[in-house]
Amino acid sequence: MSETKHYKVIIIGSGPAGLTAGIYAARAELNPLVLEGNQPGGQLTITTEVENFPGFPEGIMGPQLMEDMRTQVNKFDAETRFEAVSKVDFSKRPFTVESDGGTYTADSVIIATGASARLLGIESETRLMGKGVSACATCDGFFYKNKEVLVVGGGDSALEEATFLTKFASKVTVVHRRDEFRASKIMIDKAKKNPKVEFAYNKVIDEVLGDEFVTGARLKDTQTGELTEVTVDGIFMAIGHNPNTELFKGQLDLDENGYINTIPGGTKTNVEGVFACGDVQDTIYKQAVTAAGSGCMAALDAESFLEG
Ligand code: NAP
């Protein structure tokens with residue numbers, strides 16, 4: 001049996017929050033271990049251009065930004081491992097973190113596990129996932145050249161993805177359950193100006209149609225209950241995200257939507273020595289730059305906890 005390695009700080013997650021925490025913890029000579037998880041680099045690795053991360057006036061591709069952050073972590077004395085955490089124990093000290101690569105102990109843990117795409121939860125969506133149903137326009141948009149697709153949702157993601165998909169698709173219809181968008185004005189204007197984008201207001205997906213591949217969708221009117229069918233080749237879900245906190249249920253205080261509760265103005269959780277940063281605890285801002293900022297805060301909080 002291999003020896004359990006001990007760290008002062010273990011960081012779980014490798015999006016902007018986790019990697020920024022890694023940079024700060026490493027520079028503070030805490031020699032952190034960063035367990036990168038199932039999607040190293042996090043959500044930015046499935047986006048295209050990031051135009052709002054300060055310091056990049058020309059914009060930067062999401063995967064490149066994350067690669068650069070990892071390079072920066074590795075410049076210092078930090079270990080980054082492509083391992084996904086399967087279990088944690090915060091009930092006794094040192095804390096225990098188990099991954100698919102081993103078991104580790106730590107004096108402090110920084111959680112930066114982010115969030116994952118929310119889905120509708122209907123059987124036909126699950127059955128046809130990857131066969132016309134997608135939760136990542138930037139990953140799968142290319143497959144819909146000259147085809148018609150739906151984008152479900154009314155937030156920034158939905159409208160941004162709708163505009164993006166017009167690069168490939170001949171027609172993109174945004175299906176939104178209300179007649180008002182929560183997306184920002186700039187995103188709405190951009191989509192509305194695009195001749196390939198249409199809107200289906202007050203509609204939800206009642207059923208994804210197709211046996212082997214998506215052939216269409218049955219839409220339900222949220223006001224009248226009326227059902228209509230549309231023929232499309234692809235359906236992109238852009239209805240927000242759920243925090244990745246399954247591992248921490250019963251160990252940390254979570255809010256009613258599953259986000260980790262942190263003490264306002266900081267990154268402390270209800271367990272002393274466990275900190276949370278980025279989208280896993282952010283119910284409001286959810287931006288790459290705010291995630292990075294809170295990653296910095298978590299590392300400073302961990303440092304002061306360890307000194308104490
Ligand atoms: P979001 O703002 O939470 O929007 C989710 C959308 O999906 C809402 O319109 C919601 O409808 C709808 N929805 C949720 N559950 C649904 C269901 N079961 N069936 C049908 N519709 C459903 O999520 P987001 O668009 O992913 O954005 C998340 C955050 O990231 C936001 O802060 C956003 O500003 C930010 N973001 C920024 C950019 C950018 O600046 N470039 C790009 C993308 C995202 P209701 O409106 O009726 O609730």
Side-chain angles (χ1 to χ4, degrees), residues 15-17 39 42-54 56 58-63 65-66 114-126 129 133-139 141 150-165 172-192 194 197 199-208 217-223 225 227-228 230 235-244 255-259 278-294:
Q39 193 183 8
Q43 292 179 64
L44 281 188
T45 57
I46 53 166
T47 60
T48 47
E49 200 174 3
V50 182
E51 290 184 323
N52 52 10
F53 202 89
F56 300 94
E58 309 298 331
I60 181 167
M61 300 304 280
L65 179 61
M66 298 322 298
S116 299
R118 194 180 288 151
L119 297 172
L120 299 173
I122 54 178
E123 184 275 333
S124 51
E125 171 195 48
T126 316
M129 182 56 72
V133 177
S134 168
C136 178
T138 49
C139 318
L150 305 179
V151 174
V152 185
D156 280 331
S157 297
L159 295 189
E160 186 176 63
E161 293 189 3
T163 303
F164 170 76
L165 285 165
V172 179
T173 305
V174 178
V175 177
H176 183 34
R177 63 185 177 185
R178 297 188 290 141
D179 59 3
E180 261 175 46
F181 290 113
R182 71 170 61 228
S184 51
K185 192 176 173 308
I186 184 168
M187 223 61 109
I188 299 170
D189 290 348
K190 216 168 162 182
K192 284 194 171 166
N194 192 314
V197 178
F199 299 90
Y201 295 107
N202 299 318
K203 299 279 190 291
V204 287
I205 304 269
D206 185 60
E207 182 88 36
V208 179
R218 187 163 65 231
L219 305 182
K220 186 176 180 180
D221 191 295
T222 53
Q223 311 273 305
L227 297 173
T228 47
V230 291
I235 303 178
F236 288 86
M237 303 301 169
I239 58 170
H241 291 82
N242 289 328
N244 295 322
D255 75 6
E256 67 278 11
N257 296 315
Y259 288 84
D279 285 9
V280 75
Q281 52 84 56
D282 178 0
T283 57
I284 303 171
Y285 305 104
K286 304 174 187 182
Q287 303 299 301
V289 68
T290 52
S294 73

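All ligand and atom numbering here is 1-based and tracks the order in the structure.
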Side chain Glu125, main chain Val133, donor-acceptor under 3.5 Å: no
Any side-chain heavy atom of His241 sitting closer than 4.5 Å to one from Asp279? no
Determine whether any heavy atom of Glu180 lies closer than 4.0 Å to an atom of ligand 1. no
Please report which non-hydrogen protein atom sits nearest to atom 39 (C) of ligand 1, along with the residue it belongs to and the distance in Å to one decimal place. Met187 CE, 3.6 Å
Tell me the protein heavy atom at minimum distance from atom 40 (O) of ligand 1, and give that distance in Å. Asn52 ND2, 3.8 Å
His176 near ligand 1, heavy-atom distance under 4.0 Å? yes
Within the 4.5 Å heavy-atom criterion, are Gln39 and Thr45 side-chain neighbours or not? yes
Determine whether a donor-acceptor pair (N or O, by modelled atom type, separation under 3.5 Å) exists between the side chain of Ser157 and the backbone of Ala238. no
Evaluate whether atom CD of Glu180 has more than 12 neighbouring non-hydrogen atoms of other residues, nucleotides or ligands under 6.0 angstrom away. no
Closest to atom 26 (O) of ligand 1 by heavy-atom distance, out of Ser157, Ala238, Ala183, Gly155, is Ser157
CZ on Arg178 to CG on Asn202, rounded to 0.5 Å: 9.5 Å
Which atom names give the shortest non-hydrogen contact between Arg118 and Ile239, and what distance separates them? NH1-O, 2.9 Å
Kindly identify the option in Arg178, Arg177, Glu161, Lys286 whose heavy atom sits closest to atom 46 (O) of ligand 1. Arg178
Do Pro16 and Leu44 touch side chain to side chain, with heavy atoms closer than 4.5 Å? yes
shortest atom 23 (O) of ligand 1-to-protein heavy-atom contact is with Gly240 CA, 3.5 Å
With heavy atoms and a 4.0 Å threshold, my read on which part of Ile205 contacts ligand 1 is neither
Suppose I only count heavy atoms of His241 and a 4.0 Å limit; which atoms of ligand 1 are within that range? 26 (O)
Measure the distance from atom 7 (O) of ligand 1 to every protein heavy atom, then report the residue, atom name and distance (to 0.1 Å) of the closest one. Ile239 CA, 3.2 Å
Is there a side-chain contact between Ile235 and Val208 (heavy atoms, below 4.5 Å)? yes
Among all the protein's heavy atoms, is there at least one whose distance to atom 31 (C) of ligand 1 comes out below 4.0 Å? no
Any heavy atom of Arg118 under 4.0 Å from ligand 1? The part involved is side chain
Provide the number and element of each atom of ligand 1 under 4.0 Å from a heavy atom of Glu160. 41 (N), 42 (C), 43 (C)
Has ligand 1 got any nitrogen or oxygen that is less than 3.5 angstrom from a nitrogen or oxygen of Gly154? yes
Could you check atom 2 (O) of ligand 1 against the protein and tell me its nearest heavy-atom contact, residue, atom and distance included? Arg182 CD, 3.4 Å
So which heavy atom in the protein is nearest atom 33 (C) of ligand 1, and how far is it from that ligand atom? Asp156 OD2, 3.4 Å
What's the shortest heavy-atom distance between Leu120 and Ile205, and which atoms? CD1-CB, 3.7 Å
Would you indicate whether Lys286, at its atom NZ, is surrounded by more than 12 heavy atoms from other residues, nucleotides or ligands within a distance under 6.0 Å? yes
What protein heavy atom sits nearest atom 19 (N) of ligand 1, and how far off is it? Leu120 CD2, 3.7 Å
Look at ligand 1 and say whether Tyr285 reaches it with a heavy atom at a distance under 4.0 Å. yes
To the nearest 0.1 Å, how far is atom 35 (C) of ligand 1 from its closest protein heavy atom, and which atom is that? Gln287 NE2, 3.4 Å
Parallel, tilted or perpendicular for Tyr201 and Phe181, by the 30°/60° rule? tilted
